[in-house]
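First the structure, in the form of structure tokens, and then the observations on it.
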Amino acid sequence: MPADEVASAVGWLAGEPLCGPLGVGPAQLWALARTPERDGPRLTLRDVEEALGQARTAGRSDALDHVGPLFERLDGPERAFFAGALTGSLRQGSLGGVMVLALAELSQRSEADVRRVVMVVGSVAGAARALLGPQRDEAPEAALVLFRPLAPMLASPAESLTQALARVRHARIEWKIDGVRAQVHKAGARVAIYSRQGHDISAGCAPVLDALATVNATDAVLDGEVVLEAPDGTPRPFQESFSAVASKSVPRDGGRLRIYVFDCLRRDGVDLLDAALSSRLDAVEAIVPNDLRMPGLRTDSPDEAARFHAAALAKGQEGVMVKDLDSPYRLGARARAWQKVKEFATVDLVVLAAEWGSGRRKGFLSNLHLGARRDDGTFCMVGKTFKGLTDELLRWQTGRLESLATERAGHVVMVRPELVVEIRFNGVQRSPRYPGGIALRFARVVRYRDDKAARDADTLASLVASLPASPSTSRSVEKAEERERRKKRQLSLFDP
DNA sequence: TGCGAACTCTC
DNA sequence: CTCGAAC
DNA sequence: GTTCGAGGAGAGTTCGCA
């Protein structure tokens, strides 16, 4: 690629196009992909960027006017490629992670250096521009830039607290709150909050912005979690925290939107990305008031950690994080520097239907519709899952479900409700979609229960009972129930 | 004007 | 977000 | 140890259509 098109090319190859989301999604793109091709000069990458740049600024209703003509001039494989990249469904076996390796090779730098550039620039494509573009810098920016969000450090799952502790030398254990990740940038009186994907969510976090005014630093970059709490400090379910942030609404019922800060990436002009967690925590303690800090402790005592864990759960938290006190912020973090320990439960549910898979699961019945038993012997769908299945199990269940098939509608195969499957899940949440009003969160298959019949499956009532006690039903659920009532009234008009 | 589909975002 | 497969 | 691909849940916003 010519140097001035490297960033664009990398964006497309990594499935993160420079234009960002267009407001034109899969439905329209795949429709466009079937329109007749038009003769004419071949499109260059530059033509594509220009058209999509205009689509981006045009707003959602007019975006299609720019994307449509573009697609007319693309041939079949090109259409599939661009539609795939734009919908985030490019399946070519290499995305950002592989691109980092390529950039390291091409720019003759270490992987760690390239990862650092990606992190401070905020995207793989941007890093490609800095490393290989026309104005390439021999010493590309390695320091973070205020009000340009960084890719936040993530955690890997651990099966248990014991396992998590065994994988670090010196541990920091802290609450894992089920809220919205928040990266705070502060310079003087100016404060902004960014989400995990780097979107500015400041507008939805007004009370938090006010609280952050008390952070005692001329400038700072902080990492934390925003959550809606009941007046007594109990965290509200994730749905309500998300709703509060997304709708920019003032919390009702005395609810309080709070931030819990757990890391500091920059303090008073000093970059702390390479510093050990222990000194970053020192920085948090130095500049963040106590009521804005994530509760936690540094300990090498398994007993102390276990007590902290139990207390966190008693407080209604999602679980705990276990972190390596010696680790830097993501850089070279090949080891599991951050681990999450979350609660889960298991139930035995009945397979009501399955969906044909796609991609590497083409030809296999993959996505299971899960039903809980009602007292009257019928089943109520409470979620789907395709997780936890090995290729071998996938083969087995395809054959087994085919033998139970009753009817086929599109890619869904209905089956006689006879097969019982043990499902592990993260929690029960209110659902406006399923008839029972609940849905499982993060469900996955543990194993099939050949020893159980459908009549032995767990009941809807037992799942409903595990919903967190909720004085206030979220607005969306009220709306859904109202919709349901309206539908029933209408049906009764036609079918008295 | 009201509704649902499509899209974007969180976990 | 979660998991298994692949590298 | 890391990345990729398969796909899950809800909620808010925008926009075309009846």
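Values below: all heavy atoms of this structure, side chains included; hydrogens, waters and symmetry mates excluded. To find a chain, count down the sequence lines: A is the first, B the second, and so on, and within it residues start at 1.
For A:K342, the listed nucleotide lying nearest its side chain is C:dT2; candidates were B:dT8, C:dT2, B:dC11. Proximity note for A:S195 (side chain, C-beta onward) versus D:dA6, B:dT10, D:dG10: the nearest is B:dT10. Of all nucleotides listed (D:dT14, B:dC9, D:dG10), D:dT14 comes nearest to the side chain of A:R60. When each of B:dC9, B:dC7, B:dC11 is scored by its nearest atom to the side-chain atoms of A:Q28, the top-ranked nucleotide is B:dC7. In the set D:dA11, D:dA9, C:dA6, the nucleotide with an atom closest to the side chain of A:R360 is C:dA6. Checking B:dC9, D:dT3, D:dG10 against the side-chain heavy atoms of A:R115 singles out D:dT3 as nearest.
Whole-Å rounding puts the A:H199 NE2 to B:dC7 P distance at 16 Å. The CZ atom of A:R444 sits 15 Å away from the C1' atom of C:dA5 (whole-angstrom rounding). The CG-P distance, from A:L154 to C:dT2, rounds to 11 Å in whole Å. Distance A:R441 CZ to C:dC3 P: 13 Å, rounded to the nearest Å. Remark: P of C:dT2 and CD1 of A:I423 are 16 Å apart, rounded to the nearest angstrom. As rounded to whole Å, 18 Å separates atom P of B:dC9 from atom CZ of A:R181. The distance between atom CG of A:L64 and atom C1' of D:dC15, rounded to the nearest whole Å, is 12 Å.
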Throw together a table of side-chain donor-acceptor distances under 3.5 angstrom for residues 201-211 of chain A, partners on residues two or more places apart or in other chains.
{"unit_1": "A:S202", "atom_1": "OG", "unit_2": "A:I193", "atom_2": "N", "d": "2.9"}
{"unit_1": "A:S202", "atom_1": "OG", "unit_2": "A:D200", "atom_2": "OD1", "d": "2.5"}

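Checked against the 6.0 Å centroid threshold, A:Y194 and A:H199 do not count as a close aromatic pair. Between A:Y448 and A:W396, the distance from one ring center to the other falls under 6.0 angstrom.
Residues from residues 77-96 of chain A with heavy atoms under 4.0 angstrom of DNA chain C: there are none. A heavy-atom distance below 4.0 Å to DNA chain D is reached by these residues of residues 384-397 of chain A, ordered by number: A:K384, A:F386, A:K387.
Across all strands shown, A:Y434 has heavy atoms under 4.0 Å from sugar-phosphate atoms exclusively, and none from any base. Using a 4.0 Å heavy-atom distance criterion, A:K340 is classed as a sugar-phosphate-only contact. Here A:A439 lies in heavy-atom contact (under 4.0 Å) with sugar-phosphate atoms only.
Considering every non-hydrogen atom in both A:Y329 and A:P152, the closest pair reads OH-CA, 3.5 Å. The two residues A:E16 and A:S123 make their nearest non-hydrogen contact at OE1-CB, 4.4 Å.
Between A:D391 and A:R361 there is no salt bridge, since none of the side-chain N atoms of the basic residue sits less than 4.0 Å from a carboxylate O of the acidic one. Salt bridge status for A:E174 with A:K323: present, with a side-chain N to carboxylate O gap under 4.0 Å. Taking 4.0 Å as the cut-off between side-chain N and carboxylate O, A:E49 and A:R56 do not count as a salt-bridged pair.
Only one option out of A:V412, A:V413, A:V415 pairs with A:L365 in a side chain to side chain contact (heavy atoms under 4.5 Å, CB included); it is A:V413. For the side chain to side chain contact (heavy atoms under 4.5 Å, CB included) test with A:V382, the passing option among A:I423, A:V464, A:L352, A:L460 is A:L460; the others fail.
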